[in-house]
Amino acid sequence: SMREHGATTFAGDAVVTLWKALAQLEIGDVGVVSFDSRVHTLHKLGDPMSDAAGQHTLANLSFDGDATTFEALMTPVLGTLDEARAASSVRAHEEATQLVLIVSDGRVLSEQQRSNVKLLATRAVQRGQLPVFLMLDSPDAGNSITDVQTVSVSTGAGGGLCVAKQ
């Protein structure tokens, strides 16, 4: 849907901006994946963040998938974070929050997927993993997420308010 709704350029820009910010902050280990019906590793968690690695990551970012499911993203990513935490020999890593930044156009959740993702997000928060959804919008008239008509409001896993428009 990112390709169909004209958000691919913004997605690339978002990845570059996040890459630069995380590298400058020396935030720790960073991994980058893309997802459709399955996860594609673009930058392995723990690999050094260099300019060349950033260029490689961006060059391999693709929007060719036919279907997008958040379960396909969340399950392996959260598992990878669990493994990284377990493998860490530093006690501080056990208490550190692991951040998952999800860049999307927000058009991928069916009602069933929302329910499954809510369970996965709740599990993540309980394990010190914080999924953050960064929604990109299309600049094209008629393709904006704000043009979607159905709105659903619920309480999020951490007590925050979640608003979904369809």
Side-chain angles (χ1 to χ4, degrees), residues 1-2 7 10-58 60-61 65 68-137 145 152-165:
S1 64
M2 297 272 274
F10 289 133
D13 292 346
V15 169
V16 168
T17 301
L18 291 169
W19 183 275
K20 288 180 179 179
L22 295 172
Q24 186 172 4
L25 291 172
E26 297 179 0
I27 199 161
D29 291 344
V30 174
V32 179
V33 300
S34 65
F35 68 104
D36 43 42
S37 59
R38 61 187 196 93
V39 173
H40 312 273
T41 301
L42 304 178
H43 180 79
K44 189 175 177 183
L45 186 64
D47 283 356
M49 291 186 69
S50 64
D51 288 343
Q55 291 169 354
H56 174 77
T57 299
L58 189 59
N60 287 293
L61 188 61
T68 304
T69 62
F70 274 101
E71 293 105 329
L73 168 70
M74 297 289 286
T75 301
V77 167
L78 298 178
T80 299
L81 292 177
D82 287 340
E83 291 169 12
R85 186 176 305 240
S88 174
S89 61
V90 180
R91 176 84 178 143
H93 285 177
E94 293 177 18
E95 298 173 12
T97 299
Q98 296 172 307
L99 184 63
V100 179
L101 300 173
I102 304 164
V103 178
S104 175
D105 64 0
R107 299 174 188 263
V108 296
L109 293 178
S110 68
E111 192 63 40
Q112 180 62 43
Q113 286 177 327
R114 264 181 270 191
S115 176
N116 294 343
V117 169
K118 184 175 180 179
L119 291 173
L120 287 167
T122 300
R123 186 207 113 191
V125 170
Q126 291 169 343
R127 294 183 179 196
Q129 300 162 334
L130 180 61
V132 177
F133 189 79
L134 303 171
M135 188 168 63
L136 304 176
D137 200 5
I145 194 71
S152 163
V153 180
S154 63
T155 303
L161 189 62
C162 297
V163 178
K165 290 179 93 176

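Computation of the quantities below employed the complete heavy-atom set of this structure, encompassing side-chain atoms and omitting hydrogens, waters and symmetry-equivalent molecules.
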Query raised in the report: Do Trp19 and Val32 touch side chain to side chain, with heavy atoms closer than 4.5 Å?
Result: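 Yes - at least one pair of side-chain heavy atoms lies under 4.5 Å apart.
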
Query raised in the report: So, the side chain of Ser50 versus the backbone of Ala53: is there a donor-acceptor pair under 3.5 Å, distance only?
Result: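 Judged by distance alone, yes, a pair lies under 3.5 Å.
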
Query raised in the report: Under the 3.5 angstrom rule, does the side chain of Asp47 hit a backbone N or O of His43 as a donor-acceptor pair?
Result: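 No, Asp47 side chain to His43 backbone: no donor-acceptor pair under 3.5 Å.
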
To check you understand the geometry: which heavy-atom pair defines the closest contact between [X] and [Y], and what is its length?
X      : Y      : result
Ala84  : Gln98  : CB-NE2, 4.5 Å
Leu130 : Thr97  : CB-CG2, 3.8 Å
Ala14  : Val103 : CB-CG1, 4.1 Å
Leu61  : Ser34  : CD1-CB, 4.1 Å
Val39  : Pro76  : CG2-CG, 3.6 Å

Query - Contacts of Ala23 that satisfy side chain to side chain contact (heavy atoms under 4.5 Å, CB included) - sequence neighbours left out - result: Met49

Query - Set of residues satisfying side chain to side chain contact (heavy atoms under 4.5 Å, CB included) with respect to Ala124, sequence neighbours excluded - result: Leu78, Gln129, Pro131

What distance separates [X] [atom1] from [Y] [atom2], expressed to the nearest 0.5 Å?
X     : Y      : atom1 : atom2 : result
Thr75 : Asn116 : OG1   : CG    : 8.5 Å
Leu58 : Leu42  : CG    : CG    : 9.5 Å
Leu81 : Met74  : CG    : CE    : 9.5 Å

Query raised in the report: Among all residues two or more places apart in sequence or in another chain, which pass the salt bridge (Lys or Arg N to Asp or Glu O under 4.0 Å) test with Asp82?
Result: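 Result, salt bridge (Lys or Arg N to Asp or Glu O under 4.0 Å) vs Asp82: Arg123, Arg127.
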
Query raised in the report: Taking Ile102 as the fixed residue, which of Val132, Val77, Leu73 is the one that meets the side-chain contact (heavy atoms from CB on, under 4.5 Å) rule?
Result: Leu73

